[in-house]
Student: 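I have a structure here, written as structure tokens, and I will follow up with some questions on it.
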Amino acid sequence: MSYTFLSSGQSLNTVTIDDGDSVYVGSGASTSDLQLAPGGNEYVMAGGQALGTVVSAGGFLFAAGGTDAASAIVSGGTIDAGAEAILHASSLRAVELYGNEQAPVSACL
């Protein structure tokens, strides 16, 4: 089990987050093309950005207030969009939003 904390100016690209591992994306930090394996977690705080995250069944992507989680591709996984979260994805599929059903979601297939 590992925890990765990204702060402003840091990025993490094209890696798989395995079962029990978590990535925390702070304000000004970003991830690109992460694969959340079953049990893998990504927490994107306000001002952070997650681009192209693929959430597999059992994976978890949390988008906090003010976050832009773009191009998430979900296959049986879960996205939890907090208050004021913005999800503008070109291919959001099989998404379960909970905790805040009012999070704006656009361009869903």
Side-chain angles (χ1 to χ4, degrees):
M1 187 177 301
S2 69
Y3 301 95
T4 301
F5 297 89
L6 302 176
S7 57
S8 184
Q10 294 182 311
S11 63
L12 184 64
N13 305 307
T14 319
V15 297
T16 298
I17 308 304
D18 293 317
D19 182 21
D21 294 342
S22 297
V23 173
Y24 296 84
V25 185
S27 180
S30 65
T31 63
S32 176
D33 300 320
L34 293 191
Q35 171 79 44
L36 301 183
N41 304 289
E42 182 176 15
Y43 299 90
V44 190
M45 304 297 105
Q49 192 171 50
L51 302 173
T53 298
V54 177
V55 186
S56 300
F60 180 76
L61 170 62
F62 173 78
T67 296
D68 169 20
S71 302
I73 300 170
V74 180
S75 176
T78 302
I79 292 179
D80 182 357
E84 304 302 319
I86 299 171
L87 303 175
H88 63 81
S90 59
S91 52
L92 273 167
R93 296 178 296 192
V95 174
E96 175 187 354
L97 294 177
Y98 63 91
N100 183 345
E101 295 295 335
Q102 297 176 349
V105 178
S106 63
C108 290
L109 296 179

Student: When the ring planes of Tyr43 and Phe62 are compared, do they come out parallel, tilted or perpendicular, using 30° and 60° as the limits?
Tutor: tilted

Student: Which heavy atom in Phe5 sits nearest to a heavy atom in Gln10, and how many Å separate them?
Tutor: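 So the two residues come closest at O-OE1, 3.7 Å.
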
Student: Under 4.5 Å between any side-chain heavy atoms of Ile17 and Asn41, yes or no?
Tutor: no

Student: Between Ala29 and Ser7, what is the shortest heavy-atom contact and its length?
Tutor: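 The answer is CB-O, 3.3 Å.
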
Student: By side chain to side chain contact (heavy atoms under 4.5 Å, CB included), which residues pair with Thr4, not counting sequence neighbours?
Tutor: Leu6, Val23

Student: Mind listing the closest non-hydrogen atom pair of Ser27 and Ala46 along with its distance?
Tutor: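 Between these two residues, the closest heavy atoms are CB-O, 3.4 Å.
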
Student: Determine, stepwise, if the pair Val15 / Leu34 fulfils side-chain contact (heavy atoms from CB on, under 4.5 Å).
Tutor: CA-CA 5 Å; Val15 297; Leu34 293 191; 3.3 Å; yes

Student: Pair Glu42, Thr53 - check side-chain contact (heavy atoms from CB on, under 4.5 Å), show working.
Tutor: CA-CA 9 Å; Glu42 182 176 15; Thr53 298; 3.0 Å; yes

Student: Which residues pass the side chain to side chain contact (heavy atoms under 4.5 Å, CB included) test with Thr16, not counting sequence neighbours?
Tutor: Asp18, Gln35, Ala37

Student: Atom CG of Asp33 and atom CG of Leu12: how far apart are they, to the nearest 0.5 Å?
Tutor: 10.5 Å

Student: Would you please name every residue forming a ring pair (Phe, Tyr, Trp, His ring centres under 6.0 Å) with Tyr3, sequence neighbours left out?
Tutor: none

Student: Roughly how far, to the nearest 0.5 Å, is CG of Asp21 from OG of Ser2?
Tutor: 3.5 Å

Student: What is the minimum heavy-atom distance between Ser32 and Asn13, and which atoms define it?
Tutor: CB-OD1, 3.1 Å

